[in-house]
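Below is one structure, written out as structure tokens; the observations come after it.
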Amino acid sequence: MAACGAAAAEYSALLSLSCGPITRRRFAVSCRGRPPGNLSAQQKKKRGKNIAPKQRSSNAKLLLTTEENGQLPSTSLRTSMERPQKSTSSEDDTNGAISQIDEKIAAIGNEQQEVLPYWGGHILISAYQDILLLNQARLQAIEDVDKILTEKEALQKKVDTLEMNLSKALATKGNINTDIPGDHLEKFTKEILIESALSGGNPAHLCESPLFMELTVLKEENMLLKADAQFLKAKIVEFAETEEFLFKLEKERSLLDATVRELEARFLVAQTDIWKVVPLQYDVWMEKVENLQHMLGCLKNHVEKYAALLDQHDDLHDKIDELEASLKEGKTSEFSPYVVELLQQKLKAAKSRHQAGHQETNTHIQVYQQLTEEFQDNLGRLIEESGRLEHSANSMPSEFWSHILLMIDGWFLERKIPNTDARMLREMAWKRDDRICEAYFACKGAKESDVMETFLKLTLSGNSSGLHIVHIAAEMAPVAKVGGLADVVAGLGKALQTKGHLVEIVLPKYDCMQLDQITNLKVLDVVIQSYFDGNLFSNNVWTGTVEGLPVYFIEPQHPSKFFWRAQYYGEHDDFKRYSYFSRAALELLYQSGKKIDIIHCHDWQTAFVAPLYWDIYATRGFSSARICFTCHNFEYQGTAPAPDLSYCGLDVEQLDRPDRMQDNAHGRINVAKGGIVYSNIVTTVSPTYALEVRSEGGRGLQDTLKMHSRKFVGILNGIDTGTWNPSTDRFLAVQYSATDLQGKAANKAFLRKQLGLYSEDASQPLVACITRLVPQKGLHLIRHAIYKTAELGGQFVLLGSSPVPHIQREFEGVADQFQKNNNIRLILKYDEALSHCIYAASDMFIIPSMFEPCGLTQMIAMRYGSVPIVRQTGGLCDSVFDFDDETIPVELRNGFTFARTDEQDLSSCLERAFSYYSRKPMVWKQLVQKDMQIDFSWDSPASQYENLYQSAVAQARGAAQT
């Protein structure tokens, strides 16, 4: 015991001399620790063999230093032992063992402080050196493990990043570079081996490490992923081809759907036309049947094409089934989960698209079959009924007779028949003689020469009771429309034709005309030459039927291309353009050899006709006609320097006189004045406007109008009640009538939704205004009406634009101001379809014009049950009568009027209208129904024009007899 105590004391002293007090540290090691003093020699050998070569050399150096100097390098040891490490379960065991050794050594040192014998101290020093070497090797191993763990974490992050990028590539482009992950893993493996070799590690031991094994597993997984990716790429290519085919198939189906919808619409239109023609039959009927047969052929072709697409659909379905089967048969466990999921999603989407397309295709096929059966049934019924019909000339539509007249005129102008025969045939067609109808259908399909021969065999005796009337104008609805003039020419022409008169129209052939509104448009094989500016110029003559009226279109072959300007008016040379047209139109009538009763010209653009006719053509024997001139707006009179009148061949010296065409401005002529002076009949578009223009409203022509007052009359225009009819209007969401106003409320709701207006309160009044934004229309009052309506709790809709830029900008500013107000909408353009909807939806319609020759919008508004609010001027005075004016018969009161041009008078009028609307709904309803039943058709105006025409013709015939 004494010897042991001495040895322990010596060991403690040496320990304190060599390295000072030993502080305990925690070491991050993975092996179970045990006190170094208890190790056997064999265990020490085994432990020593596990030290890396680099560690062995440093240990040897440490031992040599100790033997030579007699002390240990405690400073470097302490420094290396002071780094804090992360603790693990194995660390706790090692630290516990070291603590036990320290405690025991400290206990021995305290008990025995004697110096050990030489031999005992030598043994203890050797043991302690072994312990120090072992601890140093353990520390180096800890550092190597830390380094490996850090590299493993970095490698894992890169692997995660690669997997993420791979998933993105699969989800988006499907284009995978499968070599990159493997290359990176191989690179990381080499780097680890190199670093291990440089640091003195053993590559064989490194290959057995968990990190290296994990890298090996990752490389194997990458190889599997590479195989999966190759398979996925092949499937993606196949899917891309499938999707491309589906896209083309869907595109084909969309085009086919659009074609079918167009065919259905055309079929319905053709079906409607056919039933109109059934009682009329003959030429028009045959054309419709041919069109229907052509449509049937087209429909059949489309169905066959769709059937072929169905076969392709079946092939696609087989491909999808095959792909699904191959996916199910494969070992999906070997694939990456996201690869399998992506394939399944694409397969599911392809199947759903295929099924939807297949169902829709079957639906369309059924619809096509039903339409085909219905088509064949209707065609058979049509043919059966047509066989029972007898030829009746009176049942033929106006389009048929217009076609006959144009055909006869074409023969004469082309010099194929003489003038006398042409007159006789025209009169037959004019009287709607059964014989000409029978002759036409008897020659159906024959050569033109045979048709002419058959017609020339016909004879006719006696005179017609109707008049031959030709309108020469710059506009006609719907082929060339700018304003109300176009509506008047078409409406009046149709009304006069209905009364048994022969009516023809002559128009310029604009390049911007609505050609789709013209039936049987063709150019005649004849050239009409007319004089202009000292030369003769050729003109092509086109013919066609518009709204049942025969129309001639003159196409000048002049270098200036007068009517190839992409617009009707507003050119710098308008005076030249229309003087040329007026002369060419008269030349056409003159060379046609027609015996015309009335030539009716409109506005200054064709007022040249009156002086041209009397000064030039009447002297050539073309003197049967009487001239009627209608000025639709005396604001526009066609003034120009006097010498410009000579362009069309008129004598400036004779006409530049105060009693003829001289304007009030010195050195200028006035074409509208020439129309007044040289015409037999002068009209304007309302009685009140006729009174106004005899004073300051005449814009300088009041004295001329007073001088010719005996031939000057105002006739209120009408409207085309076929076009403007709420019970048949195709633009409306719901059609309605005076006896059923529910449709009007439905149209109001529809317009509110379409324009984004507040629609919770169905009873909120809607005020509308459809107009050109020009000073004549009372712009300041329109603006005030917008604000006043908002103040009264109503809604306001304005539709229209301005040709004046600063006015357009001004109203754009107002529109911006109310952009977020859901009760005000300004649509600063013209939209025909939208105008119909606004008429039908509005409760009130405001027209605060400064002057208004006639006005058609108030008549249309009443036709649609919108109560007018107007200023008392021009035609508005003749069509709208105040509801509170007791001096007017109750049955005539149909709206609200104000007289002055100030905002206060308009405000008072609006307040009265709002009061009736909100407080007396039944009275308002009765007012709406009464307005809708007022007759604003062309029947009455046409009768007045008819009386004027007949009176003028009678006077001419009486003068000729005397």
Side-chain angles (χ1 to χ4, degrees), residues 685-689 691-693 695-697 714 716 765-800 811 814 824 838-839 842-862 864-920 923-924 927-928 930-931 934 936:
V685 291
S686 70
T688 301
Y689 188 58
L691 293 174
E692 292 174 351
V693 296
S695 57
E696 70 279 358
L716 186 68
L766 176 60
V767 183
C769 181
I770 301 176
T771 184
R772 288 182 302 116
L773 297 174
V774 293
Q776 170 197 339
K777 301 300 181 179
L779 300 179
H780 68 292
L781 295 179
I782 293 175
R783 285 194 300 270
H784 178 73
I786 296 172
Y787 291 99
K788 185 63 179 180
T789 299
E791 177 186 331
L792 293 173
Q795 295 180 321
F796 196 99
V797 175
L798 170 66
L799 175 66
F811 275 87
V814 177
I824 308 293
I838 292 175
Y839 282 122
S842 59
D843 300 298
M844 307 169 198
F845 199 91
I846 187 165
I847 311 172
S849 301
M850 296 296 96
F851 70 94
E852 192 64 65
C854 175
L856 300 178
T857 55
Q858 77 277 12
M859 303 180 195
I860 299 171
M862 285 187 275
Y864 283 72
S866 184
V867 178
I869 301 172
V870 306
R871 182 174 170 269
Q872 295 174 346
T873 180
L876 300 175
C877 284
D878 299 318
S879 55
V880 181
F881 306 98
D882 196 88
F883 193 73
D884 293 327
D885 190 347
E886 297 180 356
T887 63
I888 299 173
V890 176
E891 61 271 16
L892 296 180
R893 303 178 196 172
N894 57 2
F896 297 89
T897 66
F898 61 100
R900 301 193 305 271
T901 60
D902 56 71
E903 290 87 348
Q904 291 76 15
D905 219 14
L906 172 59
S907 294
S908 176
C909 191
L910 276 169
E911 289 168 358
R912 287 193 294 122
F914 269 68
S915 177
Y916 275 104
Y917 179 87
S918 58
R919 298 179 183 179
K920 299 179 180 180
V923 175
W924 187 269
L927 175 60
V928 169
K930 180 170 66 175
D931 284 357
I934 298 175
F936 285 114

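Note that these values count all heavy atoms, side chains included, but never hydrogens, waters or copies made by symmetry. We count residues from 1, following the sequence as given. Fair warning: this is a prediction, and the values are worked out from it, not measured in the lab.
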* **Residues in side-chain contact (heavy atoms from CB on, under 4.5 Å) contact with Thr688, at least two apart in sequence or another chain** => Glu692, Cys877, Asp878

* Tell me, do Val867 and Asp843 make a side-chain contact under 4.5 Å, heavy atoms counted? -> no

* To do: Report the residues that fulfil salt bridge (charged side-chain N to carboxylate O under 4.0 Å, His left out) with Glu791, sequence neighbours left out, ordered by chain and then residue number.
  => Lys788

* Could you name each residue pair satisfying salt bridge (Lys or Arg N to Asp or Glu O under 4.0 Å) that touches residues 884-896, not counting sequence neighbours? => Asp884-Arg912

* Asked: CG/Leu792 to CD/Gln795 distance, rounded to the nearest 0.5 angstrom?
  -> 13.0 Å

* **Any donor-acceptor N/O pair, Asp931 side chain to Gly865 backbone, under 3.5 Å** => no

* Results of side-chain hydrogen bond (donor to acceptor under 3.5 Å, both in side chains) for Thr857 - residues two or more places apart only -> none

* List for me each residue that meets side-chain hydrogen bond (donor to acceptor under 3.5 Å, both in side chains) alongside Ser879, sequence neighbours excluded, and say none if there are none. => Gln858

* Under the ring-ring contact (aromatic ring centres under 6.0 Å, His included) test, residues paired with Tyr787 that sit two or more places apart -> Phe818

* Asked: Side-chain contact, heavy-atom cut-off 4.5 Å: Ile934 with Met859?
  -> no

* Structure fact -> Tightest non-hydrogen contact, residues Ser849 and Thr873, listed as O-CG2, 3.7 Å

* Identify, with sequence neighbours excluded, every residue that meets ring-ring contact (aromatic ring centres under 6.0 Å, His included) alongside Tyr839. => Trp724, Phe845

* To do: Applying side-chain contact (heavy atoms from CB on, under 4.5 Å), name anything that partners Arg783, two or more places apart in sequence or on another chain.
  => Leu779, His780, Glu810, Phe811, Val814

* To do: Measure the CG-CD1 distance between Leu876 and Ile869 for me, rounded to the nearest 0.5 Å.
  => 12.5 Å

* Asked: Hey, what do you get for CD1 (Ile847) to SG (Cys769), rounding to the nearest 0.5 Å?
  -> 7.5 Å

* To do: Measure the spacing between CG of Leu799 and CG of Leu773 and express it to the nearest 0.5 Å.
  => 9.5 Å

* To do: Using side-chain contact (heavy atoms from CB on, under 4.5 Å) as the criterion, list what pairs up with Val923, not counting sequence neighbours.
  => Phe883, Tyr916, Lys920

* Could you state the interatomic distance from CD1 (Ile846) to CZ (Arg871), rounded to the nearest 0.5 Å? -> 12.5 Å

* Quick one: are Leu856 and Phe936 in side-chain contact, heavy atoms under 4.5 Å? -> no

* Asked: Quick one: side-chain contact (heavy atoms from CB on, under 4.5 Å) partners of Ser908, sequence neighbours excluded?
  -> none

* Note, Met850 side chain near Pro775 side chain (heavy atom, < 4.5 Å) -> no

* Report yes if the side chains of Glu852 and Lys777 come closer than 4.5 Å at any heavy-atom pair, otherwise no. => yes

* To do: Would you please name every residue forming a side-chain hydrogen bond (donor to acceptor under 3.5 Å, both in side chains) with Ser842, sequence neighbours left out?
  => Ser866

* Mind checking what makes ring-ring contact (aromatic ring centres under 6.0 Å, His included) contact with Tyr917, not counting sequence neighbours? -> Trp924

* Please examine the side chains of Leu927 and Phe896, heavy atoms only from C-beta on, and report whether any two atoms are closer than 4.5 Å. => yes

* **Non-hydrogen side-chain atoms of Leu716 and Cys854 separated by less than 4.5 Å** => yes

* Structure fact -> Heavy atoms of Pro853 and Gln776 approach each other most closely as CD-NE2, 3.7 Å

* To do: Give, for atom CD1 of Ile824 and atom CD1 of Ile786, the distance between the pair rounded to the nearest 0.5 Å.
  => 7.0 Å

* Structure fact -> Residues Pro868 and Met862: closest non-hydrogen pair is CD-CG, 3.6 Å

